[in-house]
Each structure stands twice: as structure tokens, then as C-alpha cells.
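Each residue takes its place number in the sequence, starting with 1.
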Amino acid sequence: QVQLMESGGDLVQPGGSLRLSCAASGNIDSIYIMAWYRSAPGKSREVIATITINGYTGYTDSVKGRFTISSDSAKNRWWLQMSNLRPEDTAVYSCGATLRGDSGYVEYWGQGTQVTVSS
């Protein structure tokens, strides 16, 4: 089991930047993939950025070139650096972790932090 907590959400103007942080505790040794998700109003949650324990990253097309995911070597904290923010980026952002369990992979999410992009 792991517990995840996001921070850094805020109101930001279009074109601005924001950095989100995720703190993990618990069975962090089992973390395999670290990720960021977002849930826009009226839409389901989507994964927007991932980073593996080996440092390989992936991004959804809508954030490529604008968002960067990074993590520390201890796997207890990771970040999402967002730049050139757009109104359509407005969403609840949550960090996620995929763990290697005894019977397979298990996913966990934080409660989310609100990011609002508006002038």
C-alpha cells in the first residue's frame, strides 16, 4: 500500500507555468511506474505523463513539449512541471503510482489538486 498526496495546484493565467508535487509514503519500494493524471470537468480521468523506475517518460499528445515529469531516485516524490498553460488544461490533477504486487500490478491515486487556467 502507498499513500499519495499532491500539492501545487493554483489559479494561473493562460501562458503561465505551474509545478505540481507528489509525495508518496508506505510501500514505495514496490513502485514501478509514477504518473500524473487529470480529470477535466465532465470528463473521465486520463493519464497525461508517466515515468518508470528506470527514468523512461511518456506523455499524452496534448501536453507534449509543455509538461515534464520527473522523479527522485528514492521514488518518494515526483513532479509535473507545466508551462504554456491553456484554459483547456483546467482540471483536477492527481498523481498515481503503479506497484508490483504479489498477484500483479496495483494502482493508487491521490485525491487531486485543482489547476485552473483562466485570465
Does the side chain of Trp36 reach to within under 4.5 Å of the side chain of Thr60, using non-hydrogen atoms?
no
Close side-chain approach of Val115 and Met82, heavy atoms under 4.5 Å
yes
Over 12 non-hydrogen atoms of neighbours within 6.0 angstrom of CD in Gln111
no
Can you find a pair of side-chain heavy atoms, one from Pro14 and one from Pro87, that are under 4.5 Å apart?
yes
Any side-chain heavy-atom pair of Val2 and Leu99 under 4.5 Å
yes
Check whether any side-chain heavy atom of Ile48 sits under 4.5 Å from a side-chain heavy atom of Phe67, and report yes or no.
yes
Approximate separation, where rounding is to 0.5 Å, of Leu11 CG and Gln114 CD
9.5 Å
Is Ser83 reaching over with its side chain to a backbone N or O of Arg66, donor-acceptor style, under 3.5 angstrom?
yes
Only pairs at least two apart or in different chains count here, so list each salt bridge (charged side-chain N to carboxylate O under 4.0 Å, His left out) that has a residue in residues 27-40.
Arg38-Glu46, Arg38-Asp89
Please check if any side-chain donor atom of Arg77 sits under 3.5 Å from a side-chain acceptor atom of Ser71, or the reverse.
no
According to a hydrophobic-cluster definition based on side-chain heavy atoms being under 4.5 Å apart (Ile, Leu, Val, Met, Phe, Trp, Tyr only), do Val47 and Trp109 belong together?
yes
Taking the side chain from Thr90 and the backbone from Thr116, do they hold a donor-acceptor pair closer than 3.5 Å?
no
Under the side-chain contact (heavy atoms from CB on, under 4.5 Å) criterion, do Gln81 and Ser17 qualify, and how do the steps go?
CA-CA 8 Å; Gln81 179 65 51; Ser17 299; 4.2 Å; yes
Can you tell me if Tyr59 uses its side chain to pair, donor with acceptor, with the backbone of Ile69 under 3.5 Å?
yes
Would you check if the distance from the ring center of Tyr105 to the ring center of Tyr32 is below 6.0 Å?
yes
Count I, L, V, M, F, W, Y as connected when their side-chain heavy atoms are under 4.5 Å apart, and connections chain through other members. Are Val106 and Ile28 then in the same cluster?
yes
Is there side-chain contact between Ser70 and Trp78, with heavy atoms separated by less than 4.5 Å?
no
Shared hydrophobic cluster, Val92 / Leu18 (ILVMFWY, side-chain heavy atoms < 4.5 Å)
no
Should Thr57 and Thr50 count as side-chain neighbours, where that means a heavy-atom distance under 4.5 Å?
no
Glu6 and Tyr37: side chain donor to acceptor below 3.5 Å:
no
Is there a chain of hydrophobic side chains (I, L, V, M, F, W, Y, each step under 4.5 Å between heavy atoms) that links Tyr93 to Val12?
yes
Are Trp79 and Leu4 in one and the same hydrophobic cluster, where Ile, Leu, Val, Met, Phe, Trp and Tyr link if side-chain heavy atoms are under 4.5 Å apart?
no
